[in-house]
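Below is one structure, written out as structure tokens; the observations come after it.
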There are 2 protein chains.
Amino acid sequence: MSGLSIGQVAERTGLSVHTLRFYEREGLLAKPVRRGTAGHRVYSEGDVDWLGVCIRLRASGMPLTDIRRYTELVRAGQGNEVERLQVLREHRERVLAQMHELNECLKLITHKVAVYEGRLGLRDNVTDCAP
Amino acid sequence: MSGLSIGQVAERTGLSVHTLRFYEREGLLAKPVRRGTAGHRVYSEGDVDWLGVCIRLRASGMPLTDIRRYTELVRAGQGNEVERLQVLREHRERVLAQMHELNECLKLITHKVAVYEGRLGLRDNVTDCAP
DNA sequence: GTAGAATCTAGAGCCGACTCTAGGTCAAAC
DNA sequence: GTTTGACCTAGAGTCGGCTCTAGATTCTAC
């Protein structure tokens, strides 16, 4: 598949061109991005896919250093599957914990929303049992 | 009931005393904390409960400025329930979006974990269909 | 009454994750 | 042939959310 300019990748991924360069500097890309004429970056579809993974990991709260670590393992090639698994499993635990926390928060908010709706008479009255 | 020192509150909430003072400066407490002899803070159970709410909101990604805004509404007393509801509903939307995102991430990780387990022969072989 | 721990204020420092600036190269459109 | 716009590098700046320091005061236990 052809090759994409940094601007095109920015558009596709939703990251800014600044952030794309920053991520590269930070070692988040599996392989150094290919360069075309005049040193311009040329991204492959694979690069974009990998960025998609990074974005997901970031969105779920994985710090850049951990993503870099994982990337380094992938870059190093076969033989370190155990470490990769460890990174992934640890992150999965954090994600699950975070989901649990979000659920608790959701309960709190839903309760409070019900209380205020009650006060406003939008629904049957509900009495607040703080907090 | 009595009253709690900042150190005791730190222990109960898991926040540091630094953070407790910081939160107060930032206007996150519903009412200014009572002061005892020599100006030492004396927290009520209500203060601790409110801090619990703040902690939940923070843990679910609400920025301090939004928590302050909500706190100000509560402090202002009755009559602004509509605005409070708005703040809460908006945050609920963000929380739901975040949960959705986390779920997507979880799927990705679970898939990758399965792939690596497969490669390691811990389970039946699974072939990776990138990304 | 004195040592050591806890508290106070004001303000500086730090960290992660971007975000932007300055100054420059290059290609294509007019 | 020059202007416009996308791209380049290196490095500085910003922002949110803490976290810590300094220097003073006060409580607690001996």
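Every chain is numbered from 1 and lettered A, B, ... according to where its sequence line falls, protein lines coming before strand lines.
Comparing A/His40 and B/His40 against DNA chain C, the residue whose closest nucleotide sits nearer the 5' end is B/His40. For B/Pro63 and B/Thr37, each mapped to the nucleotide of DNA chain D holding its nearest heavy atom, the one lying further toward the 5' end belongs to B/Pro63.
Protein atom CD1 of A/Ile6 is 19 Å distant from nucleotide atom P of C/dT25, rounded to whole Å. Atom CZ of B/Arg34 is separated from atom P of C/dC8 by 13 Å (rounded to the nearest Å). One interatomic measurement links the two molecules: CG of B/Leu20 to C1' of D/dC18, which rounds to 12 Å at whole-angstrom precision. The nearest whole Å value for the distance from the CZ atom in A/Arg58 to the P atom in C/dG16 is 11 Å. Straight-line distance from the NE2 atom of B/His18 to the C1' atom of C/dA6: 12 Å, rounded to whole Å. With rounding to whole Å, B/Phe22 atom CZ is found 13 Å from C/dC14 atom C1'. As rounded to whole Å, 14 Å separates atom P of D/dC27 from atom CZ of B/Arg35. For A/Arg21 and D/dT9, the CZ to C1' distance is 9 Å, given to the nearest whole Å.
Between the B/Glu81 side chain and the B/Gly79 main chain, a donor and an acceptor come within less than 3.5 Å of each other.
Within a 6.0 Å radius of CD in B/Gln8, other residues, nucleotides and ligands contribute more than 12 heavy atoms. At most 12 heavy atoms of other shown residues, nucleotides or ligands fall within 6.0 angstrom of atom CD in A/Glu11.
Between B/Arg41 and C/dT9 there is a side-chain N or O to OP1 or OP2 distance below 4.0 Å. A close approach under 4.0 Å does not occur between any side-chain nitrogen or oxygen of A/Tyr23 and OP1 or OP2 of C/dA17. Within the structure, every side-chain polar atom (N or O) of A/Thr65 is placed at least 4.0 Å from both OP1 and OP2 of C/dG16.
For residues 60-76 of chain B, the set of pairs meeting the salt bridge (Lys or Arg N to Asp or Glu O under 4.0 Å) definition, not counting sequence neighbours, comprises B/Glu26-B/Arg68, B/Asp66-B/Arg94.
Set against D/dC7, C/dT7, C/dT19, the side chain of A/Arg25 has C/dT19 as its closest nucleotide.
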